[in-house]
Each structure stands twice: as C-alpha cells, then as structure tokens.
A.B. asks: 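Pasting a structure below so you can have a look.
Because the structure is a prediction, the values reported are computed rather than measured.
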Amino acid sequence: ANPASQISSDSHIVTITCIILFKVIKCKAAVAWEPGKPLTIQDVDVAPPKVHEVRIKIVATGVCHTDWEYLYESGKGMKSRPFPLVLGHEAAGIVESVGPEVTKFSPGDKVIPLFLPQCGECERCRSPKTNQCRKNWANMQLGVMADGTSRISYKNQQLYQFLGVSSFSQYTVVPDTSLTKIRCDAPLDKVCLLGCGVSTGYGAAVKTAKVEKDSSCAVFGLGAVGLAAVMGCQVAGAKRIIGVDINPDKFEKARVFGATECINPRDHEKAIQEVLVEKTGGGVDYALECVGSPVIMNAALESTAEAWGTCVIAGWTETETMNIMVEKILMGRTLKGTYFGGWKSVEDVPKLVDDYMNKKLKLDEFITHNLTLDQINVAFDLLKSGKSIRTVISL
C-alpha cells in the first residue's frame, strides 16, 4: 500500500488511501544450480517489492570476474554462499515498481543497483573516511533481503540473490539503499559498467591511492578493473604508467587507457618487482593490484619505492592470506585496501555517470562483446580465456 494522501478544503479533510496491488512478474533468468556447473536459463518468478524495496527491469548487465569466480571457484578465493542463486551484480535498469515507504524512486527512473549500500544515516555513511555502509550487509552477502528471504524463485523454490542484486535476471528486487538514480539520457548498456569494475579500478587510483601529478605507477592485471586503474592514473596526471600482465594481447588496450609501457612478467627471469625497481630507479610511487592474488599483492607492494611508495589492493579475494616482510612496511611504504574504489555508492555513481556523459571518463572502450542472456555461458568462456575485457549482456 502506498502512503495515504490528504485532500483538504476550508470545511473538511478527506483522507484517500490508495492501495496498489503489485503482481508477481514471470521472466527469464540465468540460474546457477550448483558450483562448477554452467548457468541454465529458466522461467522464474520475481515477487513484488516489500517495505523499502524497489523492483527494477534490468536492461543491461556486465559480466564480472567475481561472478565467474563464485560459480567456478566457490570456497577457494571466495567464501561459500548458498545455491541455487542468480548471479550478476554490475547492471543498469529502469524502476518497474516501488514498495511501501520508498520515497526516492518512481517507476520509469533509470537506475544502477549497488552491491554496496549507502543508507546515509549510519556512522560509516556520515564519516568521510569510508564508503563501507553496512545496511542490510549481512543479509545481502547471504543472498537475501532484510526479511531473510529472496524475491526470486523457481517453481516455489527460493533462488538466492548474489550480493543482493542478481542482475542475470530480467527483473530483480533490491533495497532502496542499494540503488541510485541516474540521469535520463544515460545509455544503460554503457553505464552499467559503473556498477562494479570500472568504478572499482578508477577509484582505486584517484580516490584511494590519490595518485599525484607526474608520479610513476604500476598496475598489476589489465582486466576491466586494471584498465580502469590505468585510466585513473592518467586522469590524475601520472607521468609513467606501467601495465603488468601475462597476457600481451591486453597491452594495446592498456595503451588506449593511458599506459606508457607494458611488461609481461614471463619475459623476464627476475621477479617482476625486481624488474620494476630496476626500470624505475628505486620503485614506483604507486602500485595497484587488480588481480586478487596474494602473490601478486606482495609483488605490487615490493615494487613501490621505499620511504613513500603506496600499494593499493583492488583485486578481490575473501579467504586467502598475504605474507609480508615487515621491513617493507617499516621502511615507509603504505599498504591500503579499497572496496568499490572508495566511492560512496548512492551519491558518487551518478557523478561518475555525469563524467562519462561529459567525456571525462571512458566506458565504451571496455566493452569487447555484446551478447544476449541465453549466451551467458559464452560470456564466461570469453572472460576466462582472456578474450574479453567486458561483455555486456542485453536483457
């Protein structure tokens, strides 16, 4: 039910209560029934939004390495989460309906769902030091809404919502604190990338590392997150930007985003950190790790200059451990982590959309493939083989 509205006159007040009954929507979704098995396209039911929830029609979704990793490496670098579930967390869409007490969204709004909430009221949201709001966090990590249930089901069987989003479904429901409204002229098949990868890498450079003008940078891993980090280094005015990847096919693309040179560690007998220290005369000012490997995290840290080098970890792993030689930190290096690039999700993502629309931020160049939902497993194959940077799925 929507809130009651009042019509007043000089002589009386008439209260009118409008009750809108939302229906279950039947649509297509790519379902992960169990770890290690390809997704299957199913006809699912998407329930109406409840209090402080919004149902959206997903128009486009990116295919992120985290989606692949959870499906095929669950329990390794990723904490185990319940199956069956609907993956996908990097998307853009249109509001279809809103639940009770939702005040910031209306049907027809263009939106980007967010795996990182921003309630605007908690201590973390009020602090300029972090973007890590914890509104509904624990439930979203488990794939359910605030009431402990999912809004997506198949033949009355609950399907969990990956990171509280599930954008590999034509419709989904998210909390109103995990959604942001964007300008109406933004192309959804492009700005969907700001829901995860591009925002993460770009923010790692400009917001978390705070790369300075005329500095030297090394970016480890030239996937979407890494290329976005390269772009961030260039926007910040870095003088030397070294891309590091074992796939030389990515080097040309890296130069498009601003890399001044690229290195394949397999071309050198020495460890990559030694190569970088030698090439830069003591180490880079900033290193950004965009792979999610503890071994590469160590290499990134050790590639930075003593006394002032900063290493930012943007690559995702939840269960693995870094082993750091204490001296590397004692000598003045800084090691930092970043989540979603440090952006406060609800308020900052629309600004990033504006930057793209004003040609201050690249997005089109990340997209190597455009596919449909029934080709989702092809998108995963392209990602794993290194043939794609970002595949955008049209729903």
Side-chain angles (χ1 to χ4, degrees), residues 49-56 58 61-62 64 66-67 70 78-79 81-82 85-93 95-106 109-152 160-167 169 171-182 191-200 202-204 207-208 314 316 318 337-353:
K50 295 186 179 181
V51 176
H52 285 296
E53 294 178 356
V54 179
R55 187 162 59 183
I56 57 179
I58 299 293
T61 181
C64 178
T66 304
D67 297 308
Y70 182 70
M78 295 280 287
K79 294 176 182 176
R81 291 176 174 84
L85 82 164
V86 178
L87 292 165
H89 63 283
E90 181 184 86
V95 172
E96 180 272 335
S97 58
V98 300
E101 300 181 35
V102 173
T103 59
K104 296 180 180 179
F105 301 97
S106 301
D109 287 345
K110 283 190 174 182
V111 290
I112 292 179
L114 306 162
F115 61 86
L116 176 66
Q118 186 188 354
C119 71
E121 299 173 355
C122 68
E123 182 181 9
R124 293 187 180 193
C125 281
R126 293 196 304 270
S127 171
K129 296 179 180 179
T130 183
N131 63 340
Q132 294 183 33
C133 174
R134 285 297 179 261
K135 181 76 171 182
N136 297 321
W137 177 262
N139 278 2
M140 290 174 69
Q141 292 299 303
L142 293 174
V144 293
M145 298 289 103
D147 67 351
T149 66
S150 167
R151 300 291 167 265
I152 306 176
Y160 292 95
Q161 295 181 232
F162 187 55
L163 301 181
V165 179
S166 287
S167 58
S169 174
Y171 287 84
T172 191
V173 176
V174 299
D176 61 357
T177 50
S178 297
L179 190 68
T180 192
K181 181 179 176 180
I182 60 173
V191 299
C192 62
L193 301 189
L194 293 171
C196 181
V198 174
S199 297
T200 297
Y202 184 66
K207 198 165 183 69
T208 304
W316 186 249
E318 294 177 322
T338 188
Y339 190 70
F340 196 55
W343 304 110
K344 286 187 179 287
S345 57
V346 172
E347 64 184 71
D348 285 336
V349 167
K351 297 173 186 175
L352 294 173
V353 171

A.B. asks: Among pairs that include at least one residue of residues 111-125, which meet side-chain hydrogen bond (donor to acceptor under 3.5 Å, both in side chains), considering only residues two or more places apart or in two chains?
C.D. replies: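 Pairs touching residues 111-125 that pass the test: Gln118-Glu347.
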A.B. asks: Applying side chain to side chain contact (heavy atoms under 4.5 Å, CB included), name anything that partners Cys192, two or more places apart in sequence or on another chain.
C.D. replies: Ala60, Ala92, Val392
A.B. asks: Identify, with sequence neighbours excluded, every residue that meets side-chain hydrogen bond (donor to acceptor under 3.5 Å, both in side chains) alongside Arg134.
C.D. replies: Gln132
A.B. asks: Can you check side-chain contact (heavy atoms from CB on, under 4.5 Å) on Phe162 and Val86, steps first, answer last?
C.D. replies: CA-CA 6 Å; Phe162 187 55; Val86 178; over 6 Å; no
A.B. asks: Can you sort out the partners of Ser97 under side chain to side chain contact (heavy atoms under 4.5 Å, CB included), two or more places apart, ordered by chain and number?
C.D. replies: Phe22, Pro49, Arg55
A.B. asks: Would you please name every residue forming a salt bridge (charged side-chain N to carboxylate O under 4.0 Å, His left out) with Asp176, sequence neighbours left out?
C.D. replies: none
A.B. asks: Under 3.5 Å, side chain of Asp67 to main-chain N/O of Gly88, donor-acceptor pair present?
C.D. replies: yes
A.B. asks: Considering residues at least two apart in sequence or located in another chain, which fulfil the side chain to side chain contact (heavy atoms under 4.5 Å, CB included) criterion with Met145?
C.D. replies: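 For Met145 the side chain to side chain contact (heavy atoms under 4.5 Å, CB included) partners, ignoring immediate neighbours, are Glu53, Asp147, Arg151, Gln161, Pro175.
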A.B. asks: What's the verdict on side-chain contact (heavy atoms from CB on, under 4.5 Å) for Val346 and Lys104, showing C-alpha distance, side-chain angles and the deciding distance?
C.D. replies: CA-CA 11 Å; Val346 172; Lys104 296 180 180 179; over 6 Å; no
A.B. asks: For Phe115, what residues pass the ring pair (Phe, Tyr, Trp, His ring centres under 6.0 Å) criterion, not counting sequence neighbours?
C.D. replies: His89, Tyr339, Phe340
A.B. asks: How would you list, by chain and number, every residue that makes a side-chain hydrogen bond (donor to acceptor under 3.5 Å, both in side chains) with Ser345, sequence neighbours excluded?
C.D. replies: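 Checked Ser345 against side-chain hydrogen bond (donor to acceptor under 3.5 Å, both in side chains); zero matches.
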A.B. asks: For a 4.5 angstrom cut-off between non-hydrogen side-chain atoms, does Glu90 reach Val198?
C.D. replies: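 In short, these two side chains do not touch, never coming nearer than 4.5 Å.
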A.B. asks: Among residues at least two apart in sequence or on other chains, which ones pass side-chain hydrogen bond (donor to acceptor under 3.5 Å, both in side chains) with Thr66?
C.D. replies: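 Partners of Thr66 under the side-chain hydrogen bond (donor to acceptor under 3.5 Å, both in side chains) test: none.
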A.B. asks: Show your reasoning for whether side-chain contact (heavy atoms from CB on, under 4.5 Å) applies to Thr149 and Lys50.
C.D. replies: CA-CA 11 Å; Thr149 66; Lys50 295 186 179 181; 4.3 Å; yes
A.B. asks: Applying side chain to side chain contact (heavy atoms under 4.5 Å, CB included), can you list everything that pairs with Asp109, at least two apart in sequence or on another chain?
C.D. replies: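 Asp109 satisfies side chain to side chain contact (heavy atoms under 4.5 Å, CB included) with Val95, Phe105, Ser106, Val111, Lys181 only.
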